[in-house]
Amino acid sequence: MVFGLAACGGSGGDSGSGDGSPKKGGTLKIVGSSDPDHIDPAAGYSTVSQALSRQFARTLFISKSSNNFAEAIPMQPDAASEVPTKANGGISADGKTITIKMRTGIKWNTQPAREVTAEDFIRGWKRLCNPASPSGAQGYWITTIDGMEAYCKGYTKVDPKNAKAMADYQNGHQVSGLSAQGDKTIIVKLKQPAGDLFNIMSMGFGSAAPKEYDAYIPDSPEFRSHTVSDGPYQITSYTANKTIVLDRNPAWSGASDPQRPAYVDKIQVTLGQDQPDAVQQQLEQGTADLAWDQPVPTPSIPRLKSAKDPNFAIMKAPQSNPYLVFNTLSPNNGGALGKKAVRQALEYAIDKTALVKIYGGPDVAEPLNQIIPPENVGYQQINPYPTPGNAGDPAKCKSLLAAAGYPKGLTLKFPYRVSSNHPKIAESVKQNLAACGVTAQTAPDTNGNFYGESLVTPANAKAGKWDIAAPGWIPDWYGPNGRTLIQPLFDGRTYGQNSSDYGGYSNPEVGKLIDQALQSIDENQIASYWHQADVKIMDDAAVIPFMAQKYPIYKSKRTKNAEFIAANQAYDFSKIWLSS
């Protein structure tokens with residue numbers, strides 16, 4: 001996911017104990033920088049879009065928010081009445097047929113309100129590969145569910161500017177592995193057993209979609225003004241990069257939703273605030289409650305730790321954020337970044353210890369030299385491009401660049417996010433590259449545009465509108481998550497609009513390892529395949545990992561029962577209640 005035990009680092013977030021009795025009411029005030037990458041749950045892939053969709057777009061399964069990392073890993077039923085197992089008859093003996101039974105009482109906020117059905121979930125999943133704003137995670141579904149690949153391939157031929165044509169395709173074409181039995185039972189047929197199927201379905205992409213969505217081009221301005229809710233909150237006001245307001249959904253029933261108590265009456269997100277210090281000041285003063293897309297500013301961390309501020313925590317969420325990605329499709333510099341030797345030379349340029357300091361030092365981050373961070377499936381420590389103290393080796397970089405045919409260096413276009421620590425990261429990387437004889441032309445970009453347009457539009461990559469960038473990546477889930485670090489970022493077979501394989505990297509050997517991992521049922525063998533993919537991708541120098549991070553987070557004094565969602569790098573909005 002783009003952009004993450006108990007709290008660590010000397011302080012912890014409260015878990016609601018000692019806060020008194022929960023009470024309903026009030027407005028949860030959230031402040032931050034910019035829009036999510038997408039509002040449409042079918043396409044939204046950033047941490048903030050997933051946190052947002054959790055409020056208005058329910059999935060069959062859900063990860064429990066908790067300040068205990070291990071407690072949050074097992075999947076919980078959401079719109080499903082239970083998690084299918086072989087023991088309860090939900091999983092067939094061969095593991096390839098899944099029967100999912102739904103709860104009753106889950107309703108759309110339509111006029112009149114109506115029950116969410118099995119067909120609504122199938123509609124939602126069929127929207128994932130729409131040609132207008134497809135899901136960057138569609139590879140999970142294509143490689144897992146029978147018939148999804150053929151269905152999605154056909155969908156690419158439909159006019160992405162014609163809502164009716166897309167609706168006609170969805171309604172006129174079935175996915176062989178998806179069917180409904182009545183209104184409340186879904187049958188899913190798999191290509192091979194998948195121990196992470198329910199994790200895949202727990203993401204915002206896995207939410208149901210009402211028939212009303214057929215009228216709009218996915219994630220268009222018209223769609224964003226007509227979202228439909230089956231969760232505790234509904235979007236009642238949206239102004240791009242300014243405000244998102246959610247109010248209670250009158251059709252929602254707490255009896256049908258064991259995971260979302262929905263204490264506050266309103267959630268108000270105020271955007272356009274790019275300075276972490278200004279956001280932090282509002283949280284500490286109590287004029288705002290939570291940060292939207294900004295961690296605690298690095299200079300504030302020692303002070304908050306020393307004071308043992310109960311509203312500050314450093315949360316466990318093993319991740320690779322940020323990292324440097326190469327646009328392998330760029331025609332700039334004579335197509336230099338398409339050459340492995342050039343990318344391998346640049347691996348030696350970066351002073352990772354300096355980047356770790358930008359994020360707060362060893363309490364928060366540590367240098368990372370591979371794709372898979374610690375505590376994720378497939379992790380085995382490697383360091384194929386070692387430098388003294390992880391501080392970079394500009395002389396070696398320059399020498400290898402000359403040997404690759406570029407003795408005079410390169411000029412690289414480098415868009416960077418304007419929020420949080422990203423301007424400082426961009427400046428540090430720019431200086432590192434300069435020492436290697438490479439000129440980085442930096443250009444500011446908003447979070448929403450960075451992930452929603454700049455990096456995910458193949459035409460931009462092929463036209464050389466960017467050469468390098470520093471996105472972040474958080475595993476889409478924890479537990480059986482080997483594919484989450486490899487498949488979305490490096491499976492070139494699914495490269496296209498909204499792909500998180502930003503630079504168009506593709507290697508058939510990596511594709512084969514992905515397939516072998518997905519087809520295996522032996523946990524040790526699965527981990528081995530992901531590790532082998534890690535080694536191969538690093539040998540190809542598709543990216544430069546920077547660091548593995550924890551997540552510093554702060555909440556206002558009046559914010560109670562703050563429970564963390566590691567994959568979203570956020571507290572669970574629906575569980576928070578506000579003191580006077």
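Atom set for the values below is all heavy atoms of this structure, side chains included, hydrogens, waters and symmetry mates excluded.
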Any donor and acceptor pair, going by atom type alone, linking the side chain of [X] with main-chain N or O of [Y] inside 3.5 Å?
X      : Y      : result
Gln344 : Asp539 : yes
Glu347 : Arg343 : no
Lys340 : Ala541 : no
Ser330 : Asn327 : no
Glu509 : Lys536 : no
Arg123 : Ala209 : yes
Gln549 : Ala365 : no
Ser53  : Pro41  : no
Tyr416 : Ile425 : no
Lys352 : Pro545 : yes

Quickly, which of Trp477, Tyr45, Phe205 forms a ring pair (Phe, Tyr, Trp, His ring centres under 6.0 Å) with Tyr140? Name it, please.
Trp477
Any luck finding a side-chain donor-acceptor pair between [X] and [Y] under 3.5 Å?
X      : Y      : answer
Asp37  : Ser46  : yes
Gln50  : Asn568 : no
Ser419 : Asp293 : no

Please list, chain by chain and in numerical order, all residues satisfying side-chain hydrogen bond (donor to acceptor under 3.5 Å, both in side chains) with Ser256, sequence neighbours excluded.
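side-chain hydrogen bond (donor to acceptor under 3.5 Å, both in side chains) check on Ser256 returns Arg58.
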Sorted by chain and residue number, the side-chain hydrogen bond (donor to acceptor under 3.5 Å, both in side chains) partners of Asp94 (sequence neighbours excluded) come out as Ser92
Minimum heavy-atom separation for [X] to [Y], with atom names?
X      : Y      : result
Pro475 : Asn481 : CB-ND2, 3.6 Å
Asn498 : Ala43  : ND2-CB, 4.1 Å
Ala118 : Gly182 : CB-O, 4.1 Å
Ser320 : Tyr323 : O-CD2, 3.8 Å
Ala567 : Thr47  : O-CG2, 3.7 Å
Asn321 : Gly472 : OD1-CA, 3.1 Å

Check: [Y] and [X] side chains under 4.5 Å, non-hydrogen atoms:
X      : Y      : result
Tyr551 : Ile474 : no
Met538 : Ile371 : yes
Pro367 : Met547 : no
Tyr505 : Ile537 : yes
Cys129 : Gln138 : yes
Ile486 : Leu513 : no
Tyr155 : Gln170 : yes
Ile98  : Ile91  : yes

Suppose we screen for salt bridge (Lys or Arg N to Asp or Glu O under 4.0 Å). Which residues come up paired with [X], at least two apart in sequence or across chains?
X      : answer
Arg54  : Asp572
Arg127 : Asp40
Lys184 : Glu115
Asp351 : none

Lys339, NZ atom: more than 12 neighbouring heavy atoms under 6.0 Å:
yes
Answer yes or no: does atom CD of Glu82 have more than 12 heavy-atom neighbours from other residues, nucleotides or ligands under 6.0 Å?
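Counting neighbours around CD of Glu82, more than 12 heavy atoms of other residues, nucleotides or ligands fall under 6.0 Å, so yes.
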Any chance you could measure [X], atom [atom1], to [Y], atom [atom2], to the nearest 0.5 Å?
X      : Y      : atom1 : atom2 : value
Asp476 : Thr484 : CG    : OG1   : 5.5 Å
Phe450 : Leu455 : CZ    : CG    : 4.5 Å
Lys316 : Asn67  : NZ    : CG    : 13.5 Å
His422 : Ile358 : NE2   : CD1   : 11.0 Å
Ser65  : Phe564 : OG    : CZ    : 11.0 Å
Thr328 : Asn507 : OG1   : CG    : 11.0 Å

With sequence neighbours left out, the residues meeting ring pair (Phe, Tyr, Trp, His ring centres under 6.0 Å) with Trp125 are Trp141
Excluding sequence neighbours, so at least two apart, what forms ring pair (Phe, Tyr, Trp, His ring centres under 6.0 Å) with Trp466?
none
Strictly by salt bridge (charged side-chain N to carboxylate O under 4.0 Å, His left out), give each pair with a member in residues 378-394 just once, sequence neighbours left out.
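As it turns out, there is no salt bridge (charged side-chain N to carboxylate O under 4.0 Å, His left out) pair with a partner in residues 378-394 once direct neighbours are skipped.
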Residue pairs passing the salt bridge (charged side-chain N to carboxylate O under 4.0 Å, His left out) test where at least one lies in residues 134-148, sequence neighbours excluded:
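Output for this query is empty, none listed.
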What donor-acceptor contacts under 3.5 angstrom involve side-chain atoms of residues 189-204, with partners at least two apart or in another chain?
from   : atom 1 : to     : atom 2 : distance (Å)
Lys191 : NZ     : Ile142 : O      : 3.0
Lys191 : NZ     : Glu149 : OE1    : 3.2
Gln192 : NE2    : Thr143 : O      : 2.9
Asp196 : OD1    : Arg483 : NH2    : 3.3
Asp196 : OD2    : Arg483 : NE     : 2.8
Ser202 : OG     : Asn199 : O      : 2.6

Look at Arg493 together with Asp515 and state whether they make a salt bridge at an N to O cut-off of under 4.0 Å.
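Salt bridge between Arg493 and Asp515, a charged N being under 4.0 Å from a carboxylate O: yes.
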Audit row: Asp501, Leu489, side chain to side chain contact (heavy atoms under 4.5 Å, CB included) steps and yes/no:
CA-CA 4 Å; Asp501 177 11; Leu489 298 180; 5.7 Å; no
Starting from the C-alpha separation in whole Å, work towards a yes-or-no answer on side chain to side chain donor-acceptor pair (under 3.5 Å) for Ser520 and Gln516.
CA-CA 6 Å; Ser520 177; Gln516 288 174 317; over 6 Å; no
Would you please classify the geometry between the Tyr451 ring and the Tyr502 ring as parallel, tilted or perpendicular, with 30° and 60° separating the classes?
tilted
Please, which pairs that meet ring-ring contact (aromatic ring centres under 6.0 Å, His included) have at least one residue in residues 364-386, sequence neighbours excluded?
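Sorted result for residues 364-386: Tyr348-Tyr385.
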